[in-house]
Number of protein chains: 2
Amino acid sequence: MTYSKDFAVKLKSSGYKLTPQRRAIISSILSSERSLTPQELHSSLVEKHPQIGLVTVYRTLELLNRLGLLCEFQPQGSARSFKAGPAEHHHHLVCRGCGEVVDFTGRCPIELKTSLERETGFLITDHQLEFAGYCRNCRGK
Amino acid sequence: MTYSKDFAVKLKSSGYKLTPQRRAIISSILSSERSLTPQELHSSLVEKHPQIGLVTVYRTLELLNRLGLLCEFQPQGSARSFKAGPAEHHHHLVCRGCGEVVDFTGRCPIELKTSLERETGFLITDHQLEFAGYCRNCRGK
DNA sequence: ATGACTGCAAATCGTTTGCACGGTA
DNA sequence: TACCGTGCAAACGATTTGCAGTCAT
């Protein structure tokens with residue numbers, strides 16, 4: 001919540017301005033515990049800030065993401081969405097039926113499949129684990 | 001490779017025909033150890049089968065996938081791709097630099113980050129684990 | 001004035017759909 | 001004859017780009 005400060009500081013220290021639009025977008029992201037798609041974010045903003053364009057939302061998300069302030073989700077078969085927080089690590093549980101995404105970041109091992117099923121009532125049919133980074137060739141930039 | 005039989009059997013037993021186009025698509029998928037995007041698949045086919053449309057590739061992939069004959073990949077930031085094999089379980093290692101995708105399906109625990117780095121030369125910066133299935137409401141169909 | 005930031009419209013990319021034709025049961 | 005499968009063109013949804021106007025330094 002008071003992350004807000006971090007966002008502002010990081011933006012400024014990286015040479016970017018904290019415009020009203022960016023402020024609105026950031027505050028909207030921070031006040032949602034769910035991750036939001038660009039569209040959802042835009043819709044939620046239009047009420048109070050009718051003039052904000054979807055394009056600006058995309059550009060801001062791209063910027064914040066690049067600065068490491070956002071966590072980008074893209075579960076198989078679902079829309080791309082973002083939430084506040086560092087990006088290095090997130091886990092989700094997706095419903096292939098209704099698309100619900102349950103975030104369980106913080107818990108790791110794959111053995112938790114069974115306990116997840118017990119706790120959430122999900123019937124888990126498959127999973128996907130993705131590590132990302134830089135390969136031997138790309139490491140040295 | 002001689003999976004080919006399985007594909008044919010499954011198709012027929014599910015009430016679908018094994019057309020020349022489908023045969024070509026299946027054989028192309030089976031002969032690649034990499035996972036392929038619809039576009040890549042189409043390009044690779046056009047040489048020998050100039051008349052196959054991209055749409056047919058999409059429709060066939062969708063069909064085979066629905067029959068459980070394919071494994072669908074969609075790493076964060078990469079294109080959607082498919083390879084032969086059951087879908088319930090796959091792991092990949094993606095290079096954020098060049099897009100290379102290393103498949104390491106078969107090995108599970110997250111603790112393998114370090115050993116993966118050692119073995120592949122990757123610098124791993126983040127990961128994502130996704131379980132999917134059906135939530136309490138969707139389980140009963 | 002300069003450069004950053006924005007909004008709009010148009011372009012692009014991957015994917016899906018509508019439709020009419022062709023082959024086969 | 002009735003369908004299934006196909007190709008083509010068009011529709012679509014998400015995202016990106018070009019461009020010209022605006023704002024703050």
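Here is how names work: the chains are called A, B, and so on, in the same order as the sequence lines, proteins then strands, and each is numbered from 1.
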Visitor: To the nearest angstrom, how far is B:L63 atom CG from D:dG5 atom P?
Guide: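 To the nearest whole Å, that distance equals 8 Å.
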
Visitor: Hey, could you give me the OH/CD1 distance between B:Y58 and B:I25, rounded to the nearest 0.5 Å?
Guide: 12.0 Å

Visitor: In whole Å, what is the span from the CD1 atom of A:I25 to the C1' atom of C:dC5?
Guide: 11 Å

Visitor: Is any side-chain heavy atom of A:R22 less than 4.5 Å from a side-chain heavy atom of A:Y16?
Guide: yes

Visitor: In whole angstrom, give the distance that lies between atom CG of A:N65 and atom C1' of D:dT15.
Guide: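 Result: 14 Å.
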
Visitor: Counting distance only, does the side-chain N/O of B:H42 pair as donor-acceptor with the main-chain N or O of B:T37 below 3.5 Å?
Guide: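 Answer holds: no.
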
Visitor: Reading 5' to 3' and counting Watson-Crick or G-U wobble pairs with both distances under 3.5 Å, write the dot-bracket notation for DNA chain D, | for bases paired outside the strand.
Guide: |||||||||||||||||||||||||

Visitor: What's the verdict on side chain to side chain contact (heavy atoms under 4.5 Å, CB included) for B:T19 and B:T60, showing C-alpha distance, side-chain angles and the deciding distance?
Guide: CA-CA 10 Å; B:T19 65; B:T60 302; over 6 Å; no

Visitor: From CD1 of B:I52 over to P of D:dC8, roughly how many Å is that when rounded to an integer?
Guide: 11 Å

Visitor: Anything under 3.5 Å between a protein N or O and an N or O of nucleotides 13-18 of chain C, put it in a table, one pair a line.
Guide:
from	atom 1	to	atom 2	distance (Å)
C:dT15	OP1	B:R80	NE	3.1
C:dT15	OP2	B:Y58	OH	2.4
C:dT15	O5'	B:Y58	OH	3.3

Visitor: Of all heavy-atom pairs between A:A84 and A:L30, which one has the smallest distance, and what is that distance?
Guide: CB-CD2, 3.7 Å

Visitor: Grab the CG-C1' distance between A:L11 and D:dA24 for me, whole Å please.
Guide: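 The distance from CG of A:L11 to C1' of D:dA24 comes to 16 Å, rounded to the nearest Å.
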
Visitor: Could you pull out the closest heavy-atom pair between A:S28 and A:L36, with the gap in Å?
Guide: O-CD1, 4.3 Å

Visitor: Check the distance between D:dA24's P and A:K12's NZ and give it to me in whole angstrom.
Guide: 14 Å

Visitor: Which distance, rounded to the nearest 0.5 Å, do you find between the OG of A:S81 and the CD1 of A:I29?
Guide: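 It comes to 10.5 Å.
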
Visitor: Return the NE2 to CG distance between B:H127 and A:L129, rounded to the nearest 0.5 Å.
Guide: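 Answer for the NE2-CG pair, B:H127 versus A:L129, is 6.5 Å.
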
Visitor: To check you understand the geometry: which heavy-atom pair defines the closest contact between B:S14 and B:L67, and what is its length?
Guide: OG-CD2, 3.7 Å

Visitor: For DNA chain D, determine which residues of residues 13-23 of chain B have any heavy atom closer than 4.0 angstrom to one of its atoms, and list them numerically.
Guide: B:Y16, B:K17, B:T19, B:Q21, B:R22

Visitor: Just so I know, are the side chains of A:P38 and A:L61 near enough to count as touching, which here means a heavy-atom distance under 4.5 Å?
Guide: yes

Visitor: Please report the shortest heavy-atom distance between A:R34 and A:K83, naming the atom on each side.
Guide: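 In terms of heavy atoms, the two residues are closest at O-CB, 4.2 Å.
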
Visitor: I need the CD-P distance between A:E40 and D:dA14, as an integer number of Å.
Guide: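 So the CD-P distance, A:E40 to D:dA14, works out to 11 Å.
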
